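Heavy-atom basis, side chains included; hydrogens, waters and symmetry copies ignored. Nothing here was measured: the structure is a model prediction, and the numbers come from that model.
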Amino acid sequence: MNVRRSAAALAAVGVLAAAAPATAADPSPSAKGPVSSGLYGKGDPTYDGVWRQSLTLVAQRTLGYKPAPAAVDWLTGQQCADGAFAAFRAAPDKPCDGKLKRDTNSTAAAVQALAATGGHGAVVEKAVNWLKSVQNEDGGWSYYPGDPSDTNSTSVVIGALAAAGADPASVRKSGKSAYDALPAWSIPCDQDGGGALAFQPDKKGDLVPNADATAAGLLGALGKGFVARAGQAPAKDTCVKATSRAQVADNAGAYLAAAVGKTGHLESTLPGAKAQPDFGNTADAVVALAANGRTEPARKAYAWLEKNASPWAEQSGPAAYAQLILAAHALGEQPGDFNGTSLVSALNSQGPAPQMDTSGRQHEEEKKESRNWGWWIFGVCLVASIGVGFLLSGRKKRQP
């Protein structure tokens, strides 16, 4: 998958966070500092600055880190006065003009990131209001306002609405929500690629299966954003007519499971070129499959990523590392040991260092201590009751 559509809610500190502190001191030797203060990655941010920054912040919060203030400030500084975000603003101190192309994907990604970091309610609210203002009449969203809706944009906006605390089903245009739009892109079961989702109808009006759109649409149909955990397995493992968002998700999950079943990965094919493994799409498929309760194919794809994806991530930068971290999180795997590579330190070393959010860990410790005290009291009471039992038994034996 390209960095525009890579796979935000604040996740509790768990096994992923537990692995992070031990590996954070192992910086990636390839990281040579951010392009500008606060921005992660050293590559040109023109086309993906907001996107990769947002994914980075989401991944850090999922790991239990508190992102550096400079990193969060960089992202909030990219917002236009109308609430929208563009892929990148080279001069954030100047007002956004008509030449700057705001887009729904960058805006929705920023919403998920800032909702996860917390403390930026006004920024999130303005961004959500802008997203609502550019919703299409079919209930979906396009990448640029005014264009036809597509699966990817609609799904990333669903994730943003959910992260901001809004019910995507209640955000409507002409009586339709995003959940009404998704079934229109689901390929019928009796056609080639049945169960998959298309990005949008092609020029002939046909639906062509697209793994990128399928992974995105599956998460969108489940009402989830970039962050997901393993869900319950679907009741049926066969494709059925997609008349509801639940059926859209299950059909998409069946298609992705079959797609990764043989090799453990998805492929991308450029015109005139040989098919190549698609690392980003595979990482997003892991998250989508896990969320759909299909953990067996998800683990197969994750195992393939562990063996093969480190060079891709090192070359691609922060968004790629974030995608792999989110894939690990979906399955409860350890990103601190990704076949000998620390995804955690590799990501954190590419920008301002975050801090471990000890408040979350302290809360977990308090709950653990409370449980321990409960067991201790139970044990004392049990011993006492046994002692009383023996005492009464002895008294009975001594009676004439």
Side-chain angles (χ1 to χ4, degrees), residues 1-8 27-28 30-61 65 67-117 120 123-124 126-127 130-131 143-144 152-153 156 159-160 212 226 279-280 283-284 312-326 343 345-354:
M1 176 185 293
N2 56 45
V3 293
R4 182 185 65 80
R5 173 65 193 104
S6 307
S28 168
S30 65
K32 298 178 181 178
V35 145
S36 63
S37 177
L39 174 64
Y40 280 82
K42 58 184 182 293
D44 181 3
T46 301
Y47 302 105
D48 77 325
V50 167
W51 184 266
R52 77 189 191 209
Q53 189 81 350
S54 298
L55 276 180
T56 296
L57 301 187
V58 169
Q60 287 176 339
R61 288 305 288 144
Y65 281 104
V72 180
D73 290 345
W74 186 93
L75 184 58
T76 58
Q78 290 287 304
Q79 188 176 41
C80 296
D82 60 3
F85 285 76
F88 175 66
R89 289 174 64 192
D93 55 325
K94 297 180 180 179
C96 299
D97 56 25
K99 296 180 181 179
L100 185 69
K101 298 282 286 185
R102 296 120 162 117
D103 71 86
T104 60
N105 287 229
S106 297
T107 304
V111 167
Q112 294 192 51
L114 294 172
T117 59
H120 298 278
V123 177
V124 169
K126 285 180 65 177
W130 182 83
L131 288 171
Y143 186 81
Y144 292 124
N152 295 56
S153 299
V156 73
D212 184 8
F226 297 141
F279 297 96
D284 285 354
W312 163 76
E314 184 176 356
Q315 181 180 10
S316 301
Y321 283 118
Q323 284 179 270
L324 295 175
I325 287 170
L326 294 175
L343 300 175
S345 60
L347 175 63
N348 290 346
S349 67
Q350 298 196 25

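For the side-chain contact (heavy atoms from CB on, under 4.5 Å) test, residues two or more places apart in sequence or in another chain that qualify with A313 are A320, Y321, L324. Annotation: side-chain contact (heavy atoms from CB on, under 4.5 Å) contacts of A59 (sequence neighbours excluded): A322, I325, L347. Legend: residues meeting side-chain hydrogen bond (donor to acceptor under 3.5 Å, both in side chains) with D82, ordered by chain and number and at least two apart, are R102. Looking at residues two or more places apart in sequence or on another chain, you find no side-chain hydrogen bond (donor to acceptor under 3.5 Å, both in side chains) involving T107. Shown here are the side-chain contact (heavy atoms from CB on, under 4.5 Å) partners of D97, two or more places apart in sequence or in another chain: K99, L100. Every residue meeting the side-chain hydrogen bond (donor to acceptor under 3.5 Å, both in side chains) condition with Q60, not counting sequence neighbours, appears here in chain and number order: Y40, N348.
For the residue pair T56 and P318, the shortest heavy atom distance occurs at OG1-CB, 3.4 Å. Closest approach of L75 to A110, counting heavy atoms only: CD1-CB, 4.2 Å. Shown here for G38 and Q53, the closest heavy-atom pair between the two residues is O-NE2, 2.7 Å. Smallest separation of non-hydrogen atoms from A108 and A160: O-CB, 3.5 Å. Considering all non-hydrogen atoms of both residues, A71 and P352 come closest at CB-CG, 3.9 Å. Across all their heavy atoms, P354 and P67 have their closest contact at CB-CA, 4.0 Å.
Between the NE2 atom of H120 and the CD atom of Q79 there is a distance of 11.0 Å, given to the nearest 0.5 Å. The CG atom of D284 lies 4.5 Å from the CD atom of Q323; values are rounded to the nearest 0.5 Å. L57 contributes atom CG, which lies 11.0 Å from atom CZ of F226 (distance to the nearest 0.5 angstrom). Taken from CZ in F88 to OG in S106, the straight-line distance is 12.0 Å, to the nearest 0.5 Å.
No donor-acceptor pair closer than 3.5 Å links the side chain of K42 to the backbone N or O of Q350.
There is a side-chain donor-acceptor pair under 3.5 Å between D212 and N152.
Side-chain atoms of F85 and N105, non-hydrogen and from C-beta on, never get closer than 4.5 Å to each other. Put simply, the side chain of C96 reaches to within 4.5 Å of the side chain of R89, judged on heavy atoms.
For W51 and Y143, the ring centers sit 6.0 Å or farther from each other.
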